[in-house]
Amino acid sequence: NAGVTQTPKFRVLKTGQSMTLLCAQDMNHEYMYWYRQDPGMGLRLIHYSVGEGTTAKGEVPDGYNVSRLKKQNFLLGLESAAPSQTSVYFCASSPQGGWPQHFGDGTRLSIL
Amino acid sequence: SQKIEQNSEALNIQEGKTATLTCNYTNYSPAYLQWYRQDPGRGPVFLLLIRENEKEKRKERLKVTFDTTLKQSLFHITASQPADSATYLCALDMDFQKLVFGTGTRLLVSP
């Protein structure tokens with residue numbers, strides 16, 4: 001049972017490039033989340049989804065887009081990467097709201 | 001907006017002692033409060049959840065308290081071990097949809 005899998009684990013981008021981070025969960029969870037974690041800032045919610053086909057903005061959504069076309073997948077896109085988006089990105093899922101969240105091991109993204 | 005405060009300084013204790021970590025919040029009380037453990041290079045792992053109408057929750061060597069009057073949760077690890085060394089995050093559930101996380105407190109347990 002893999003739980004929450006994030007792809008890729010590491011990536012280096014140049015400013016202005018685009019990329020998509022993939023999150024896959026095999027627990028049939030309804031809710032999925034994307035966070036970024038920066039030193040001294042803690043985990044901050046970027047976007048989340050309460051079910052297939054739905055998305056909602058979190059605390060820091062600017063510069064990111066998301067899609068949840070399939071229940072098991074939640075994609076995070078950076079259309080034009082900026083150095084300020086250098087961070088560790090975590091995906092999480094939960095059966096429903098108010099339940100504990102299961103996290104992946106993160107994607108370490110550097111933007112030069 | 002909700003603000004969560006966890007001690008940013010590392011907590012250093014000796015093996016066998018009880019570690020106590022603090023989570024303070026402002027504004028209104030959450031419905032649920034959760035505690036997670038995070039090891040370097042890994043994602044957070046859920047430990048305990050406590051509801052606003054519960055004063056205390058226990059799981060093995062772990063204990064969480066929730067005081068809505070003080071707007072504070074305390075997380076205790078009894079008989080601490082070096083393997084308990086990690087960063088501990090508290091998270092508030094305000095709306096049954098998403099969590100707001102604190103910045104975490106690093107715990108170091110020395111033999």
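Throughout, a chain's letter reflects where its sequence line sits, starting with A, and its residues are numbered from 1.
Ranked by heavy-atom pairs under 4.5 Å with chain A, the first of B/Asp93, B/Thr103, B/Asp95, B/Val45 is B/Thr103. Among the candidates A/Ala92, A/Gly106, A/Ala56, A/Gly42, the residue making the largest number of heavy-atom pairs closer than 4.5 Å to chain B is A/Gly42.
In this structure, B/Ile77 is a member of the same hydrophobic cluster as B/Leu48, with clusters built from ILVMFWY side-chain heavy atoms closer than 4.5 Å. Under the 4.5 Å side-chain heavy-atom criterion for Ile, Leu, Val, Met, Phe, Trp and Tyr, A/Trp99 and A/Tyr33 are members of distinct hydrophobic clusters. Cluster annotation: B/Phe46 and B/Val64 are assigned to distinct hydrophobic clusters (Ile/Leu/Val/Met/Phe/Trp/Tyr, side-chain heavy-atom contacts under 4.5 Å, transitive). Hydrophobic clustering (side-chain heavy atoms under 4.5 Å, transitive across Ile, Leu, Val, Met, Phe, Trp, Tyr) groups B/Leu21 together with B/Leu92. A/Phe103 and A/Tyr89 fall into different hydrophobic clusters, where Ile, Leu, Val, Met, Phe, Trp and Tyr are joined by side-chain heavy atoms under 4.5 Å apart, directly or via other members.
Looking only at side-chain heavy atoms (C-beta outward), A/Val50 and B/Gln97 come within less than 4.5 Å of each other. In this structure the side chain of B/Lys98 never reaches within 4.5 angstrom of the side chain of A/Glu59, judged on heavy atoms.
B/Tyr36 contributes a side-chain N or O that, together with a main-chain N or O of A/Gln101, makes up a donor-acceptor pair within less than 3.5 Å. Without hydrogens or angle criteria, A/Asp105 side chain to B/Arg42 main chain gives no donor-acceptor distance under 3.5 Å.
Annotation: B/Arg106, atom CZ; neighbour count of heavy atoms from other residues, nucleotides and ligands within 6.0 Å does not exceed 12. Environment of CD in A/Gln96: crowded, with over 12 heavy atoms of neighbouring residues, nucleotides or ligands closer than 6.0 Å.
A distance below 6.0 Å separates the ring centres of A/Tyr35 and B/Phe101.
Looking at B/Leu47, there are no atoms closer than 4.5 Å to chain A (heavy atoms on both sides), in backbone or side chain. A/Leu45 touches chain B through its side chain: at least one heavy atom from C-beta onward sits under 4.5 Å away, while N, CA, C and O do not. Residue contact with chain A, scored on non-hydrogen atoms closer than 4.5 Å, is absent for B/Gln6. Only the side chain of A/Arg108 comes within contact range of chain B, judged by heavy atoms closer than 4.5 Å.
Taking each heavy atom of B/Leu49 and A/Gly98 in turn, the nearest pair found is CD1-O, 3.6 Å. Shown here for A/Phe90 and B/Gly43, the closest heavy-atom pair between the two residues is CE2-CA, 3.4 Å.
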